[in-house]
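One is the number of the first residue; the rest follow in order along the sequence. Note: hydrogens, waters and symmetry copies are ignored here, and every other heavy atom, side chains too, is used.
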Amino acid sequence: MRHPDQLRVRNAFFVRWLATVFSGVICLLNAAGCATTPYTFGASNRYIESPQLAEITGPQFERGNPNVVLDSVGWVIGIPSKILLLDHRVDNHRVDRATEAEVAAYLEQNQLRTVKVRVNQYHPGDDWKRLVANKSVGAGWRYTLGALSVVGETLLPGR
């Protein structure tokens, strides 16, 4: 049996330790949401643009047509996200024109001329062409992570 003083010391230590950990967690959570400066738009001279990518870019914003099979599979695969986020609109592939306009304005304000935005479109062949032509990213990154990304979008299309 332990002496009551030993238990009191051990309990006091545990309470102090718990208070320290709790305070640290609270500080981290408070610091995580801090914004130090307002957003400023970028300029094209801050980005590396690939001339080859600019040549094959074509229209910067493209909208696809509904695909019953892909959209149905995507809806089923998205069930865990719908449950986790408590929002039935997750992965519903309905992007309205106002959202498209906001994205287009963002691209224009930041002078992102070689960024391609595809809404509900499935074109893995075009994605491979853009990946190969994008000389602004090193070949090591393009042919490892970039290739994995395109393969992932090809096999499990997010549209």
Side-chain angles (χ1 to χ4, degrees), residues 18 21-159:
L18 193 59
V21 169
F22 182 74
S23 300
V25 168
I26 295 298
C27 287
L28 284 174
L29 290 174
N30 283 331
C34 294
T36 56
T37 58
Y39 180 78
T40 56
F41 293 109
S44 62
N45 62 355
R46 292 177 43 198
Y47 304 110
I48 300 171
E49 291 185 349
S50 173
Q52 297 87 353
L53 189 59
E55 290 171 7
I56 67 164
T57 298
Q60 195 169 9
F61 220 96
E62 291 181 4
R63 177 177 270 283
N65 296 320
N67 184 316
V68 176
V69 175
L70 285 177
D71 293 342
S72 299
V73 170
W75 188 90
V76 171
I77 290 173
I79 288 175
S81 298
K82 294 175 196 316
I83 294 170
L84 182 67
L85 298 173
L86 300 174
D87 191 348
H88 64 90
R89 298 170 297 175
V90 173
D91 291 334
N92 70 1
H93 306 294
R94 291 187 193 109
V95 179
D96 61 4
R97 301 291 179 184
T99 302
E100 287 182 26
E102 287 180 29
V103 173
Y106 176 84
L107 295 174
E108 180 65 33
Q109 289 169 334
N110 285 289
Q111 301 176 3
L112 298 171
R113 290 179 287 275
T114 57
V115 173
K116 178 80 152 195
V117 178
R118 290 194 172 115
V119 178
N120 289 336
Q121 221 177 34
Y122 181 69
H123 285 292
D126 290 347
D127 292 340
W128 281 107
K129 287 178 194 169
R130 290 180 58 78
L131 177 68
V132 171
N134 191 359
K135 304 298 184 205
S136 65
V137 177
W141 291 110
R142 276 185 291 156
Y143 297 119
T144 55
L145 295 178
L148 284 173
S149 174
V150 173
V151 166
E153 286 288 320
T154 302
L155 299 177
L156 300 170
R159 294 180 32 83

Requested in this report: Evaluate side chain to side chain contact (heavy atoms under 4.5 Å, CB included) for Lys129 paired with His123, printing each intermediate quantity in order.
Outcome: CA-CA 10 Å; Lys129 287 178 194 169; His123 285 292; over 6 Å; no
Report task. Kindly indicate, with the supporting measurements, whether the criterion side chain to side chain contact (heavy atoms under 4.5 Å, CB included) is fulfilled by Tyr143 and Val137. Result -> CA-CA 10 Å; Tyr143 297 119; Val137 177; over 6 Å; no
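Remark: Lys116 does not engage Asp126 in a salt bridge, criterion side-chain N to carboxylate O under 4.0 Å.
Listed for the Asp87 side chain is a donor-acceptor partner under 3.5 Å among the backbone atoms of Arg89. No donor-acceptor pair under 3.5 Å is formed between the side chain of Arg63 and the backbone N or O of Arg97.
For the salt bridge (Lys or Arg N to Asp or Glu O under 4.0 Å) test, no residue two or more places apart in sequence or in another chain qualifies with Glu108.
Expressed to the nearest 0.5 Å, how far OG of Ser72 lies from CD1 of Ile77 amounts to 11.0 Å. The line from CD of Glu153 to CZ of Arg118 is 10.5 Å long, rounded to the nearest 0.5 Å. Atom CG of Leu107 and atom CD of Gln109 lie 9.5 Å apart (nearest 0.5 Å).
In plain terms, the two heavy atoms of Arg142 and Leu131 that are nearest each other are CD-O, 3.1 Å. The shortest non-hydrogen separation linking Val150 to Pro124 is CG1-O, 4.4 Å.
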